Amino acid sequence: RAAQAGRRTVAVVDADGERFAMINPMIVEASGKASEEEGCLSIPEVYAEVTRPEQVVLEATGRDGARYRLEADGLKARAIQHEIDHLDGILFVTKMRPADRAQNKKKLEELKRKFETPVG
């Protein structure tokens, strides 16, 4: 998804005591299903349960320029998916259940007003 022809994307994941760069990352396999609470530094004070694949296989280029393949599960798999979503222009709030979106509606509207850029 994020590694589209001619497009360079970069994200850094810091999870389970490991930090690594993902340049032009692609999830090539995904399995299982897990629902966990997520939050995001881009959307402060908003948390909700999000369902994602529990295990992923990532292919990406590292900081050293070499391609690598990484199998991840749990928090690391979730963080990889979350960051690749950012590269694709997707925020976790779009993956919220309707009840969680309703519960966070006020906070989301406040953030939207705060950061909305007037046109004109």
Side-chain angles (χ1 to χ4, degrees):
R1 290 169 36 202
Q4 298 169 354
R7 180 175 164 214
R8 294 186 185 174
T9 59
V10 179
V12 175
V13 171
D14 188 348
D16 289 344
E18 184 180 354
R19 181 181 293 164
F20 55 94
M22 306 183 303
I23 301 169
N24 293 338
M26 288 189 67
I27 293 174
V28 295
E29 294 177 37
S31 60
K33 192 189 271 193
S35 296
E36 297 288 335
E37 185 177 74
E38 277 190 38
C40 182
L41 294 173
S42 301
I43 308 170
E45 300 177 23
V46 175
Y47 302 92
E49 189 173 294
V50 175
T51 301
R52 296 185 181 272
E54 190 168 24
Q55 299 91 22
V56 297
V57 177
L58 169 73
E59 288 185 358
T61 300
R63 287 180 37 192
D64 61 359
R67 287 295 286 173
Y68 68 89
R69 186 178 177 102
L70 173 71
E71 294 182 19
D73 61 8
L75 178 61
K76 190 183 298 182
R78 181 169 292 276
I80 288 168
Q81 294 171 81
H82 181 103
E83 294 307 320
I84 290 175
D85 277 353
H86 275 294
L87 297 175
D88 290 335
I90 300 167
L91 296 175
F92 88 101
V93 294
T94 64
K95 297 178 181 281
M96 285 182 178
R97 298 176 305 179
D100 289 330
R101 190 171 292 115
Q103 182 178 344
N104 285 290
K105 184 177 180 179
K106 184 177 178 182
K107 287 180 189 175
L108 292 169
E109 287 174 348
E110 288 171 7
L111 287 167
K112 183 178 178 183
R113 276 192 303 278
K114 182 177 179 179
F115 294 106
E116 206 166 43
T117 305
V119 176

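Here, residue 1 is the first one in the sequence, and each next residue gets the next number. Just so it is clear, the values below take in all heavy atoms, side chains as well, and ignore hydrogens, waters and symmetry mates. Computed from a predicted structure; not experimentally measured.
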*Run the numbers on Ile43 and Val93 for side-chain contact (heavy atoms from CB on, under 4.5 Å), then give the verdict.*
CA-CA 9 Å; Ile43 308 170; Val93 294; 3.7 Å; yes
_Closer than 3.5 angstrom, by distance alone: can the side chain of Gln81 be matched with the main-chain N or O of Pro53 as a donor-acceptor pair?_
yes
*same_hphob_cluster(Ile80, Leu75) at 4.5 Å side-chain heavy-atom cutoff*: no
_Heavy-atom pair with the smallest gap, counting every atom of Ala79 and Ala15_ = CB-CB, 4.1 Å
*Quick one: salt bridge (Lys or Arg N to Asp or Glu O under 4.0 Å) partners of Glu83, sequence neighbours excluded?*
none
*Evaluate whether atom CD of Glu49 has more than 12 neighbouring non-hydrogen atoms of other residues, nucleotides or ligands under 6.0 angstrom away.*
yes
*With hydrophobic residues grouped by side-chain heavy-atom distances under 4.5 Å, do Phe20 and Ile84 end up in a single group?*
yes
*Above 12 or not: heavy atoms from other molecules or residues under 6.0 Å from CZ of Arg19?*
no
_Quick check against the 3.5 Å criterion: does Asp64 have a side-chain atom that pairs as donor or acceptor with the backbone of Ala66?_
yes
Review item, side-chain donor-acceptor pairs of residues 103-116, under 3.5 Å, at least two apart:
{"from": "Asn104", "atom 1": "ND2", "to": "Tyr47", "atom 2": "O", "distance (Å)": "3.3"}
{"from": "Asn104", "atom 1": "ND2", "to": "Asp100", "atom 2": "O", "distance (Å)": "3.0"}
{"from": "Lys107", "atom 1": "NZ", "to": "Glu45", "atom 2": "O", "distance (Å)": "2.9"}

*Under the side chain to side chain donor-acceptor pair (under 3.5 Å) rule, collect the residues that match up with Glu36, sequence neighbours excluded.*
none
*Run the numbers on Arg8 and Asn24 for side-chain contact (heavy atoms from CB on, under 4.5 Å), then give the verdict.*
CA-CA 6 Å; Arg8 294 186 185 174; Asn24 293 338; 4.0 Å; yes
*Same apolar cluster: Leu87 and Val10, side chain cutoff 4.5 Å*: no
*Give a yes or no on whether Leu58 and Val12 share a hydrophobic cluster (residues Ile, Leu, Val, Met, Phe, Trp, Tyr; joining criterion: side-chain heavy atoms under 4.5 Å apart).*
no
*Could you walk me through whether Arg52 and Glu38 pass side-chain contact (heavy atoms from CB on, under 4.5 Å), step by step?*
CA-CA 11 Å; Arg52 296 185 181 272; Glu38 277 190 38; 2.6 Å; yes
*Ignoring hydrogens and angles, tell me if any N or O in the side chain of Arg78 forms a donor-acceptor pair with the backbone of Thr51 under 3.5 Å.*
no
